[in-house]
Amino acid sequence: MAFLWLSTFIIYIFSIIVQVRGGRVTRISPVSGSVRGATRLTIFGEGFAESQFNYYVPQLGNNVTLISVTGTHALACDVIPYYTNRQQIVCNTRPSPFGFGAYNIRVQVDGVLLRSIKGSTYCDGECVFKYEDNATPTVTSISPRYGVPGSVITIRGRIFTDRYVEAEGTNSDGVSILRVFAGSGMCEPLNQDTKEMYGIAFDKYSSSTGYIKCRTTPTTVGSHRVSFIVSKYGRSLMSKDALLVDSQDKLYMFQAHAGT
């Protein structure tokens with residue numbers, strides 16, 4: 001019985017190796033994103049692992065790493081299991097502590113790295129993802145700076161879109177603001193009573209800058225930073241001009257005080 005189990009296991013591992021040798025990446029999308037991460041990166045190809053879940057052999061599944069073109073540092077890209085199959089891997093990029101730059105994609109399938117064979121394994125050469133300034137949303141100002149929990153605030157900056165989706169995935173073909181944060185809580189762009197937006201617009205036609213209004217979490221008191229995530233781009237970067245310092249030497253963008 002033990003011999004049969006071992007034989008089956010060896011055949012299974014051999015089949016994995018065969019699949020990995022035939023695996024390749026054909027393209028990636030998008031090819032650039034925010035320096036603050038949270039860019040949803042889709043890697044298209046073949047020969048990927050079907051499942052990310054294996055309690056007995058943890059190294060099985062897909063793993064994605066971004067290697068700087070200079071070869072000096074690497075960043076993981078966090079795989080999203082329920083969007084991943086044998087033809088595509090979807091992962092969220094992490095913030096780059098090294099600033100803007102270009103990275104080569106490397107994929108590990110079931111514990112084995114897909115090696116570049118004669119330049120055909122990765123996009124017929126290299127699959128390059130760039131952390132770029134012009135692909136990074138920004139927050140340049142917040143108004144008002146002070147208020148009570150539940151205040152509606154206006155966030156200005158490079159927003160890239162005048163659309164917001166309440167349920168992620170409902171506007172997958174377009175660019176949308178997915179989530180807005182104030183501190184550790186959400187900042188809601190949609191009035192839950194009227195189901196209307198508090199406000200979102202570009203500064204002018206064909207501009208990427210504009211504003212979005214949102215209601216802060218009613219129970220959130222204290223000094224907070226504000227950010228948002230844009231589909232196909234990622235998380236916003238705070239402008240230094242948008243930051244203030246509170247009495248505890250903590251940097252913040254909006255301060256909520258208890259109401260009287």
Side-chain angles (χ1 to χ4, degrees), residues 30 33-40 80 92-93 95 133-248 250-260:
S34 173
V35 72
R36 291 288 296 129
T39 305
R40 180 162 294 182
I80 306 173
N92 281 328
T93 62
D133 175 56
N134 61 11
T136 299
T138 61
V139 176
T140 56
S141 70
I142 302 288
S143 62
R145 287 293 196 148
Y146 311 98
V148 297
S151 296
V152 174
I153 61 174
T154 300
I155 304 166
R156 302 197 70 89
R158 186 192 291 156
I159 60 175
F160 288 115
T161 180
D162 59 356
R163 292 184 175 187
Y164 165 75
V165 292
E166 188 174 17
E168 192 172 345
T170 57
N171 186 38
S172 57
D173 293 334
V175 178
S176 304
I177 292 179
L178 302 176
R179 290 180 294 279
V180 186
F181 304 92
S184 60
M186 302 295 292
C187 194
E188 293 293 344
L190 193 68
N191 186 315
Q192 295 302 314
D193 294 326
T194 65
K195 297 301 179 182
E196 294 181 352
M197 297 287 295
Y198 288 109
I200 182 172
F202 285 124
D203 288 332
K204 57 183 179 180
Y205 180 73
S206 75
S207 172
S208 62
T209 62
Y211 70 87
I212 181 169
K213 296 183 177 183
C214 60
R215 185 172 184 264
T216 58
T217 304
T219 57
T220 304
V221 175
S223 299
H224 306 297
R225 299 188 187 190
V226 175
S227 67
F228 57 91
I229 295 177
V230 183
S231 66
K232 303 184 187 298
Y233 289 94
R235 186 181 294 273
S236 60
L237 177 69
M238 296 176 291
S239 166
K240 292 181 180 179
D241 294 335
L243 293 169
L244 296 175
V245 181
D246 67 11
S247 59
Q248 303 298 317
K250 177 182 176 182
L251 294 172
Y252 74 94
M253 304 173 82
F254 173 76
Q255 204 169 58
H257 301 280
T260 55

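All values below come from the heavy atoms of this structure, side chains included, with hydrogens, waters and symmetry mates left out. Because the structure is a prediction, the values reported are computed rather than measured.
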[X] and [Y]: which non-hydrogen atoms are nearest, and at how many Å?
X    : Y    : result
V139 : V226 : CG2-O, 4.0 Å
G234 : P137 : O-CG, 3.5 Å
V148 : T216 : O-OG1, 4.2 Å
R235 : S34  : O-OG, 2.5 Å
G174 : S231 : O-OG, 3.4 Å
I229 : A38  : CD1-CB, 4.1 Å

Considering only heavy atoms from C-beta outward, does the side chain of [X] approach that of [Y] to under 4.5 Å?
X    : Y    : result
L178 : V165 : yes
D133 : V35  : no
H257 : V221 : no
L251 : V245 : yes

Seminar exercise, completed: The complete set of ring-ring contact (aromatic ring centres under 6.0 Å, His included) pairs with one or both residues in residues 197-236, sequence neighbours excluded, reads F160-Y233
Exercise. Could you give all pairs that pass the disulfide bond (SG atoms under 2.5 Å apart) test and reach residues 181-247, with sequence neighbours left out?
Worked result: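 Qualifying pairs: C187-C214.
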Problem set entry | CD (Q248) with more than 12 external heavy atoms under 6.0 Å | no
Exercise. Are R158 and T209 linked by a side-chain donor-acceptor pair shorter than 3.5 Å?
Worked result: no
[X] side, atom [atom1]; [Y] side, atom [atom2] - distance, nearest 0.5 Å:
X    : Y    : atom1 : atom2 : value
L243 : K240 : CG    : NZ    : 9.5 Å
L237 : T138 : CG    : OG1   : 7.5 Å
S207 : I159 : OG    : CD1   : 8.0 Å

Exercise. What pairs of residues pass the side-chain hydrogen bond (donor to acceptor under 3.5 Å, both in side chains) test when at least one of them lies in residues 139-151, not counting sequence neighbours?
Worked result: Y146-Y252
Seminar exercise, completed: Across all chains, not counting sequence neighbours, the side chain to side chain contact (heavy atoms under 4.5 Å, CB included) partners of I80 are R40, Y82, Y83, V90, N92
Exercise. Between S227 (side chain) and S236 (backbone), is there a donor-acceptor pair under 3.5 Å?
Worked result: no
Exercise. What pairs of residues pass the salt bridge (charged side-chain N to carboxylate O under 4.0 Å, His left out) test when at least one of them lies in residues 199-226, not counting sequence neighbours?
Worked result: R156-D203
For this session: Would you list the pairs meeting salt bridge (charged side-chain N to carboxylate O under 4.0 Å, His left out) in which at least one residue belongs to residues 184-198, sequence neighbours left out?
Result: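 As it turns out, there is no salt bridge (charged side-chain N to carboxylate O under 4.0 Å, His left out) pair with a partner in residues 184-198 once direct neighbours are skipped.
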For this session: For side chain to side chain contact (heavy atoms under 4.5 Å, CB included), just list the numbers for V180 and I212, CA-CA rounded to whole Å, side-chain angles, deciding distance to a tenth of an Å, and then say yes or no.
Result: CA-CA 9 Å; V180 186; I212 181 169; 4.2 Å; yes
Exercise. Does T39 have any side-chain hydrogen bond (donor to acceptor under 3.5 Å, both in side chains) partners at least two apart in sequence or in another chain, and if so, which?
Worked result: none
Exercise. Under the side chain to side chain contact (heavy atoms under 4.5 Å, CB included) criterion, do I177 and I200 qualify, and how do the steps go?
Worked result: CA-CA 10 Å; I177 292 179; I200 182 172; 3.9 Å; yes
